[in-house]
Asks: 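One structure is given below, represented as structure tokens, and several questions about it will come after.
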Amino acid sequence: MARFMDVHHGMKGITADQLMEAHRADLAIEGEEDVHFENAWADPDSGIVYCLSEAPSAEAVQRIHERAGHRADEVHPVPLAV
């Protein structure tokens with residue numbers, strides 16, 4: 001399984017509760033695409049949200065985000081970690 005970091009723009013002012021709600025929406029359906037969202041981070045001032053996941057493909061990550069109502073602007077593979 002590969003890891004991916006995806007980026008969402010335009011979420012200026014997002015709160016911790018809204019971030020958790022979006023993350024839970026992903027978790028509720030992630031198994032349908034064999035995706036697992038591990039973490040989500042947000043910067044309310046810039047409106048940028050980052051999500052780390054394990055998935056069979058970037059397309060699978062995007063499909064879950066789209067179905068959960070928050071399409072990612074970017075999905076990047078993360079082939080190396082330390």
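Note that the structure is predicted; figures quoted are calculated from it, not measured.
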Asks: Decide yes or no on salt bridge (Lys or Arg N to Asp or Glu O under 4.0 Å) for Glu38 and Arg3, but give the supporting numbers first.
Replies: CA-CA 10 Å; Glu38 298 177 9; Arg3 289 183 113 181; 2.3 Å; yes
Asks: Checking Glu54 side chain against Val35 main chain: does a donor-acceptor pair fall under 3.5 Å?
Replies: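 Answer holds: no.
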Asks: Using ring centroids (six-membered ring only for Trp), state whether His76 and Tyr50 fall under 6.0 Å.
Replies: no
Asks: How many angstroms lie between CD in Gln62 and OG in Ser57, if you round to the nearest 0.5 Å?
Replies: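 Spacing of CD (Gln62) from OG (Ser57) equals 10.5 Å.
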Asks: If you round to the nearest 0.5 Å, how far is CG of Asp6 from NE2 of His70?
Replies: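 Answer rounded to 0.5 Å: 8.0 Å.
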Asks: When rounded to the nearest 0.5 angstrom, what is the spacing between CE in Met11 and CG in Asp73?
Replies: 8.5 Å
Asks: Applying side chain to side chain contact (heavy atoms under 4.5 Å, CB included) to Phe37 and Leu27, what does each step give before you reach the verdict?
Replies: CA-CA 7 Å; Phe37 289 95; Leu27 295 177; 4.2 Å; yes
Asks: Got a sec: does the CD of Glu21 have more than 12 other heavy atoms crowding it under 6.0 Å?
Replies: no
Asks: Rounded to the nearest 0.5 Å, what separation is found between the CD atom of Glu59 and the CD atom of Glu33?
Replies: 10.0 Å
Asks: Specify the closest pair of heavy atoms between His23 and Ala40, including all atoms of both residues, with the distance to one decimal.
Replies: ND1-CB, 4.1 Å
Asks: Would Ile29 end up clustered with Leu19 when hydrophobic side chains under 4.5 Å apart are linked, directly or stepwise?
Replies: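 Unlinked, Ile29 and Leu19 end up in two clusters.
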Asks: If you define the side chain from C-beta out and look only at heavy atoms, does anything of Lys12 sit under 4.5 Å from Ser46?
Replies: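 No, every pair of side-chain atoms sits at 4.5 Å or beyond.
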Asks: Which heavy atom in His9 sits nearest to a heavy atom in Val7, and how many Å separate them?
Replies: NE2-CG1, 3.6 Å
Asks: Where is the tightest heavy-atom contact between Val78 and Phe4, given as atom of each residue plus distance?
Replies: CG2-C, 4.0 Å
Asks: Restricting to non-hydrogen atoms, name the atom on His8 and the atom on Cys51 that form the minimum distance, rounded to 0.1 Å.
Replies: NE2-SG, 3.8 Å
Asks: For the residue pair His36 / Glu30, report whether a side-chain donor-acceptor contact shorter than 3.5 Å exists.
Replies: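 Short answer, yes.
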Asks: Do Glu74 and Met5 pass the side chain to side chain contact (heavy atoms under 4.5 Å, CB included) test, and can you show the C-alpha distance, the side-chain angles, and the key distance before you say yes or no?
Replies: CA-CA 8 Å; Glu74 306 167 35; Met5 179 70 70; over 6 Å; no
Asks: Below 4.5 Å, heavy atoms only, C-beta onward: do Ile14 and Val49 meet side chain to side chain?
Replies: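 SC-SC contact between Ile14 and Val49 confirmed.
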